[in-house]
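Letters A, B, ... are given to chains in the order of the sequence lines, protein chains preceding strands, and every chain is numbered from 1.
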There are 2 protein chains.
Amino acid sequence: METYEICKDLAIIIIFAKFFGLIARKLKAPQVAGEIVAGLVLGPCLLNWVEATPFIQQMAEIGVVLLMFCAGLETNLKELIKTGPKALAIACAGVFVPLCGGTLLYMVFYGFSEIGTPEFFKALFMGTIMTATSVSITVESLREMGVLKGKIGTCIINAAIIDDVLGMIVLTVVVGFNDPTAKPLPVLRNTALFFVLALIVGYCAYKAFKKIDQRYPHTRRITIAGLALCLALSFIAERYFGIADITGAYVAGLILCNIHDSDYIARRLDINSYIMFGPIFFASIGLKTDIKDFSLSILWFSLAFVAVALLTKIIGCGLMAMLLGYPPKHALKIGVGMMTRGEVALIVSQKGLAVGLLSPVYFTSVILLIIVSSILTPIAMKALYSLAPDESLTKAEIAEEAKTEEQEEAAEEAQTDKEEAKAEKA
Amino acid sequence: METYEICKDLAIIIIFAKFFGLIARKLKAPQVAGEIVAGLVLGPCLLNWVEATPFIQQMAEIGVVLLMFCAGLETNLKELIKTGPKALAIACAGVFVPLCGGTLLYMVFYGFSEIGTPEFFKALFMGTIMTATSVSITVESLREMGVLKGKIGTCIINAAIIDDVLGMIVLTVVVGFNDPTAKPLPVLRNTALFFVLALIVGYCAYKAFKKIDQRYPHTRRITIAGLALCLALSFIAERYFGIADITGAYVAGLILCNIHDSDYIARRLDINSYIMFGPIFFASIGLKTDIKDFSLSILWFSLAFVAVALLTKIIGCGLMAMLLGYPPKHALKIGVGMMTRGEVALIVSQKGLAVGLLSPVYFTSVILLIIVSSILTPIAMKALYSLAPDESLTKAEIAEEAKTEEQEEAAEEAQTDKEEAKAEKA
């Protein structure tokens with residue numbers, strides 16, 4: 001492919017994503033749902049105008065890394081520590097219930113098998129695919145509604161982050177029985193080591209950034225250094241610890257969320273995100289989908305798979321949230337917020353394919369789950385929040401965060417300008 | 001390559017580019033020279049930490065397209081029309097003199113040959129490589145000094161744009177004698193057709209954007225639509241008319257340079273550019289360089305090649321500028337500003353390789369030319385402007401445009417905020 005040809009793909013994607021995003025907003029659905037639909041329309045399902053080339057997929061990867069970094073930067077760390085233990089409990093339930101549900105589903109369709117048999121591990125793997133929540137779409141829709149920083153928003157993100165780690169552990173344990181190279185103990189050790197490293201690096205980076213921040217407030221170099229920390233931690237997490245890169249990006253955001261310029265960095269990266277990387281990420285989910293491989297025989301399995309995957313997350317997380325004292329209306333939000341699946345489910349499936357635990361025909365079920373959950377979650381979250389608002393945020397706070405596109409940008413830059421004016425005087 | 005591995009490359013590139021850029025600034029050289037050096041240090045010449053993967057090259061391509069689009073957006077169209085005929089004359093001289101110089105150089109080294117012989121076309125091709133100016137580095141250093149919008153800055157950009165088109169015509173004519181598929185007449189026709197199309201599309205797009213601008217001033221959609229127009233024209237120019245994509249991007253910028261929000265779009269894309277795409281583009285020039293292939297026998301040729309390529313541009317453009325009435329000090333700036341070579345010279349060389357007019361050993365000469373000219377031009381331009389400032393700009397105007405990084409950003413966003421405040425009231 002000639003390098004200039006990427007210009008065509010990018011032009012088509014950003015125009016379609018924006019167009020469908022605006023339509024989605026008119027229909028009171030979140031913009032991200034529109035952007036995924038744009039990908040479906042452009043991809044092999046309908047027009048076949050754009051392919052999910054390696055370049056598009058790599059751009060999408062940067063997009064999701066930027067998204068999780070900004071989510072980390074905007075985290076309320078005090079709230080995280082307060083909700084930490086609760087989030088852990090919710091994440092555990094949100095991994096255990098879908099794991100059982102997926103295993104049972106496979107056995108109902110293809111016959112029960114004894115524990116330890118190869119057929120049993122295939123069933124268990126179906127459950128494993130269902131475990132990992134992909135929170136990025138929920139994050140984006142919560143941000144659009146202005147409730148990301150609220151009690152429930154923070155709880156969902158924290159639970160999803162822990163859930164991601166748990167999902168990876170389950171995967172490695174299940175695969176470990178088949179593949180002697182991946183052992184459960186090293187995985188647990190690596191995960192622990194990563195968080196120890198994150199604490200050490202985080203403390204040093206936090207101190208360093210505070211110093212740079214005092215000396216050169218509001219400069220390009222602080223934005224660039226922040227982005228470099230995010231990219232470096234993403235790479236290190238996945239390469240050396242086997243943890244998803246988006247977890248590394250989120251941790252990098254957490255490290256910097258208490259420095260003075262965290263909003264400043266987030267606003268600049270947000271411009272990068274909405275102009276190019278964001279639309280490409282969400283459209284790429286639609287682009288990767290091809291419904292041609294779909295036969296009637298696995299259609300029923302796929303539908304059941306999607307239903308079980310969504311319901312087990314809602315039931316698992318929702319019930320645990322209720323046990324922890326959340327009122328039912330908020331527990332339901334947490335369950336629905338956790339039901340999104342994304343690229344992690346695809347990565348798990350690819351691993352299953354590689355070790356022979358998953359047959360390629362079930363790949364379309366996973367993609368269907370990603371699409372359905374990606375489109376349903378934002379719509380359902382919007383409906384749930386309009387029925388029962390988050391009381392931890394005042395109406396003014398929500399209104400301040402949730403804006404139409406124009407207001408959002410105007411407010412962001414007005415804020416930026418105040419800071420810049422101060423920096424100039426100093 | 002796993003998708004997460006790009007995070008490592010990007011983190012290393014942006015940190016090194018920023019670091020060397022800051023060092024360059026301390027040494028009173030432009031930041032871009034530092035960014036190219038960062039690429040040299042990271043690439044196969046020294047550390048070999050980062051490879052010029054297809055992904056990096058495609059990101060670099062978007063970077064140069066964004067750079068040229070912003071240059072177009074910031075063009076003073078009245079000044080362009082005023083300097084148009086002069087720029088055409090300068091471009092013609094800047095193509096003709098290096099073409100002759102390169103041809104003679106090859107003949108001096110490898111013996112004279114009669115017109116029409118295969119050896120003659122090889123010599124002519126050496127001249128062809130020298131023709132195309134790559135203005136992006138000059139644009140960036142002129143912008144850093146705050147003199148991009150001045151009489152001389154505008155003249156250099158316009159001459160380089162015309163020069164680019166002329167260079168492509170020369171290439172196609174020279175190749176045309178070897179390859180019956182590429183004929184000179186269709187090339188001239190295509191070039192003419194592209195500019196006719198650009199006029200028609202440009203007029204419609206200008207009217208459409210003016211309407212969107214009135215209805216939704218200062219919105220994300222206007223930035224995204226502008227970017228899409230830029231990417232689309234870049235693709236169409238190269239794919240259907242055989243004109244470099246950066247010319248298409250520049251034309252897209254020209255189309256939108258008179259709408260009310262042109263500065264607004266440029267500022268947003270500029271944030272995209274300085275955070276990621278800009279450093280990647282400039283570093284990638286250094287990354288693509290490998291000095292290991294270099295043997296002593298072609299070292300002498302390469303040094304002579306670089307000297308001839310630089311001097312013929314300075315002499316050709318400078319003398320023509322003097323003939324047109326520019327005082328010598330300004331004519332020299334125009335000549336030096338036109339001497340940068342870049343990706344177009346590489347594209348031309350690759351074409352020569354493909355049709356058998358260029359042996360691979362001369363590739364390193366071209367890369368050396370790109371590096372030397374990319375590093376020398378900004379330094380020389382800075383020296384020339386400090387000796388003889390551009391009188392078409394007042395000191396206040398230059399000071400307003402030329403800022404340190406922090407001031408630049410502060411001023412940009414202060415301006416943005418004024419607009420946003422107005423938009424909110426309206």
How would you list, by chain and number, every residue that makes a side-chain contact (heavy atoms from CB on, under 4.5 Å) with A252(A), sequence neighbours excluded?
F69(A), L229(A), C230(A), L233(A)

For A237(B), check side-chain contact (heavy atoms from CB on, under 4.5 Å) against everything at least two apart and list the hits.
F194(B), I243(B)

Would you say K18(A) and R221(B) make side-chain contact, with heavy atoms under 4.5 Å?
yes

Spatial distance of atom OH (Y4(B)) from atom CD (E238(A)) [nearest 0.5 Å]:
5.5 Å

Within a 6.0 Å radius of atom CD on E51(B), are there more than 12 heavy atoms belonging to other residues, nucleotides or ligands?
no

Assign the ring pair F277(A) / F277(B) to parallel, tilted or perpendicular, where the plane angle (0 to 90°) is split at 30° and 60°.
parallel

So do the side chains of R268(B) and Y274(A) get within less than 4.5 Å of each other, counting heavy atoms only?
yes

Heavy-atom pairs under 4.5 Å with chain A: which of I13(B), D245(B), L10(B), I14(B) has the most?
I14(B)

Working to the nearest 0.5 angstrom, can you tell me the gap between Q58(B) CD and C7(A) SG?
10.0 Å

When rounded to the nearest 0.5 angstrom, what distance separates CE in M59(A) from CE in M59(B)?
5.5 Å

Rounded to the nearest 0.5 Å, how far apart are OG1 of T223(A) and CD1 of I271(B)?
8.5 Å

N272(B), part contacting chain A, at a heavy-atom distance under 4.5 Å
both

With respect to chain A, which residue among I12(B), I236(B), L269(B), I62(B) yields the maximal number of heavy-atom pairs within a distance under 4.5 Å?
I62(B)

Please classify the contact between M276(A) and chain B as side chain, backbone, both or neither, with a heavy-atom cut-off of under 4.5 Å.
side chain

Indicate yes or no: at least one non-hydrogen side-chain atom of K8(A) is less than 4.5 angstrom from one of L231(B).
no

